[in-house]
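A short write-up of the structure that comes next.
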Amino acid sequence: MDAAEAEKQVGRRFTWPWFLVAVIVYLGIIQGIGLLIGVDTSSSDGQFPTTESIVRNALIPIGASIVFVAALVTWLGWWGEVLRYRVPVRRWVRWVPISMLLATLVAMNYGHLGDQSGSLVVCLLLLGLFVGVGEELMFRGIGVHVFKRAGFTEGKVALWSSVIFGLAHVSNAIGQGAQAIIQALVVCTSGYFFYLCLRVGGVILLPMLVHGLWDTSLFSSMIGAEPVVYPGAILIIVLQVALIVVLVVRRRAVNPTRTPTSPA
């Protein structure tokens with residue numbers, strides 16, 4: 001048994017059907033707590049018009065889901081595995097996290113944030129942090145390793161962890177309606193980009209950082225009582241489309257040269 005196979009034996013066994021159950025529980029925590037303590041924002045154009053709304057509708061529910069995921073990783077005994085993912089990747093893939101980080105910095109609506117209260121801006125930053133930590137622990141942490149342990153090839157690990165990540169966002173239909181379906185399709189591709197960030201960094205902290213800043217930039221124009229349309233946000237859309245095109249064209253050039261013992 002080689003080192004990679006030995007690593008798979010560390011901790012408890014957790015199959016992908018049980019992972020789907022865990023995802024449902026994870027989503028139930030977020031949506032359930034949101035329904036119980038959430039603030040009605042239907043009268044406002046902004047998704048988070050006040051500090052109270054972002055705390056009760058997002059920070060507390062997502063914070064509770066992070067506790068659940070962290071407890072699950074602890075029970076599984078997978079922390080060493082979840083925090084690191086040592087799978088080689090071609091050098092050009094490094095441009096995925098680099099371009100995403102640069103896009104988030106440009107797409108951030110600094111002017112609009114400057115018009116908001118300090119507490120609301122701080123809560124927005126915390127929201128980005130919470131989303132990055134919680135979703136990456138669940139989908140690039142537990143999810144990626146569930147499929148890896150099941151013997152899936154890297155291509156299928158990336159595919160299924162990203163698809164489930166996208167489908168999980170359909171739960172947002174509870175508050176956002178049919179547009180959540182479109183969001184789920186877009187998020188599937190984002191999930192693959194975050195997976196590549198994991199491959200590039202070799203640690204889950206990089207996709208957490210990219211994911212957190214990505215969502216913060218998207219929300220930077222949507223907080224407050226009067227959300228605004230910010231042209232800089234178009235860069236996020238353009239980059240996402242560009243990355244999809246590049247990765248479709250170069251999808252077979254993500255992994256290093258294949259060997260008989262390392263299928264793609």
Side-chain angles (χ1 to χ4, degrees), residues 11 14 19 22-34 37-38 47-48 51 54-86 96-97 100-101 103-105 108 119-148 158 161-162 164-169 171-172 183 187-188 190-220 222-223 236:
F14 199 60
F19 171 62
V23 170
I24 292 172
V25 173
Y26 165 85
L27 295 174
I29 291 172
I30 296 175
Q31 298 296 341
I33 294 179
I37 68 170
Q47 188 167 354
F48 299 115
T51 300
I54 198 171
V55 170
R56 293 175 59 175
N57 293 10
L59 288 180
I60 293 177
I62 295 173
S65 73
I66 292 175
V67 173
F68 166 72
V69 178
L72 180 56
V73 175
T74 301
W75 178 76
L76 290 170
W78 285 14
W79 277 113
E81 211 172 325
V82 163
L83 294 176
R84 298 185 302 275
Y85 197 65
R86 305 298 188 186
V96 172
M100 292 180 77
L101 286 172
T104 60
L105 295 177
M108 196 81 69
S119 61
L120 186 56
V121 173
V122 169
C123 285
L124 173 64
L125 296 176
L126 285 175
L127 177 59
L129 174 65
F130 278 25
V131 171
V133 170
E135 293 193 349
E136 291 309 305
L137 270 182
M138 174 56 79
F139 297 99
R140 256 63 61 188
I142 298 176
V144 161
H145 288 285
V146 161
F147 292 112
K148 184 74 172 178
S161 61
S162 301
I164 293 173
F165 175 61
L167 290 176
H169 285 73
S171 64
N172 291 334
Q183 180 191 18
V187 170
C188 280
S190 299
Y192 184 62
F193 303 152
F194 297 140
Y195 162 81
L196 291 178
C197 292
L198 177 63
R199 290 276 297 270
V200 169
V203 292
I204 202 168
L205 293 178
L206 181 58
M208 283 180 176
L209 173 64
V210 175
H211 192 158
L213 287 175
W214 188 265
D215 280 23
T216 300
S217 66
L218 290 174
F219 281 121
S220 64
M222 301 166 61
I223 62 172
I236 293 285

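Remember, it's a predicted structure, so these values are computed and weren't measured experimentally.
Between the CD1 atom of I30 and the CG atom of N57 there is a distance of 12.5 Å, given to the nearest 0.5 Å. Here the straight-line distance linking atom CG of L124 with atom OG of S119 works out to 11.5 Å at 0.5 Å rounding. Expressed to the nearest 0.5 Å, how far NZ of K148 lies from OH of Y85 amounts to 4.0 Å. From L218, atom CG reaches atom CD of Q47 across 10.5 Å, with rounding to the nearest 0.5 Å. Rounding to the nearest 0.5 Å gives a distance of 8.5 Å between OG of S217 and CG of L105. To the nearest 0.5 angstrom, D215 atom CG is 11.5 Å from L129 atom CG.
In this structure the side chain of L198 reaches within 4.5 angstrom of the side chain of I204, judged on heavy atoms. Residues V96 and V200 form no side-chain contact, since every pair of their non-hydrogen atoms from C-beta on lies 4.5 Å or further apart. Counting heavy atoms from C-beta on, the side chains of I62 and S65 come closer than 4.5 Å. L209 has its side chain within reach of L101: a pair of non-hydrogen atoms, C-beta onward, lies under 4.5 Å apart. Side-chain contact check for F147 versus I164: some heavy-atom pair is nearer than 4.5 Å. A heavy-atom distance below 4.5 Å is not found between the side chains of F19 and H145. I29 has its side chain within reach of V25: a pair of non-hydrogen atoms, C-beta onward, lies under 4.5 Å apart. Using a 4.5 Å heavy-atom threshold, the side chains of L127 and L59 count as touching.
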W78 vs V146, test: side chain to side chain contact (heavy atoms under 4.5 Å, CB included). Steps then yes/no.
CA-CA 10 Å; W78 285 14; V146 161; 3.9 Å; yes
Checking side chain to side chain contact (heavy atoms under 4.5 Å, CB included) for the pair F130/I66: CA distance, chi angles, key distance, verdict? CA-CA 8 Å; F130 278 25; I66 292 175; 4.0 Å; yes
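The backbone N or O of F194 sits nowhere less than 3.5 Å from a side-chain atom of H211 that would complete a donor-acceptor pair.
S220 and I223 get closest at one heavy-atom pair: O-CG1, 4.2 Å. In terms of heavy atoms, W214 sits closest to T104 at CA-CG2, 3.4 Å. Scanning all heavy atoms of the two residues, the minimum distance from M208 to L137 falls at CE-CG, 3.7 Å. Contact detail for F139 and A168: the closest heavy-atom pair is CZ-CB, 3.7 Å. Nearest heavy atom pair, residue I54 against residue F48, reads CA-CD2, 3.6 Å. Of all the heavy atoms in V23 and M138, the pair that sits closest is CG2-SD, 4.1 Å.
Classified by interplanar angle (parallel below 30°, tilted 30° to 60°, perpendicular above 60°), the ring pair H169/F165 is perpendicular.
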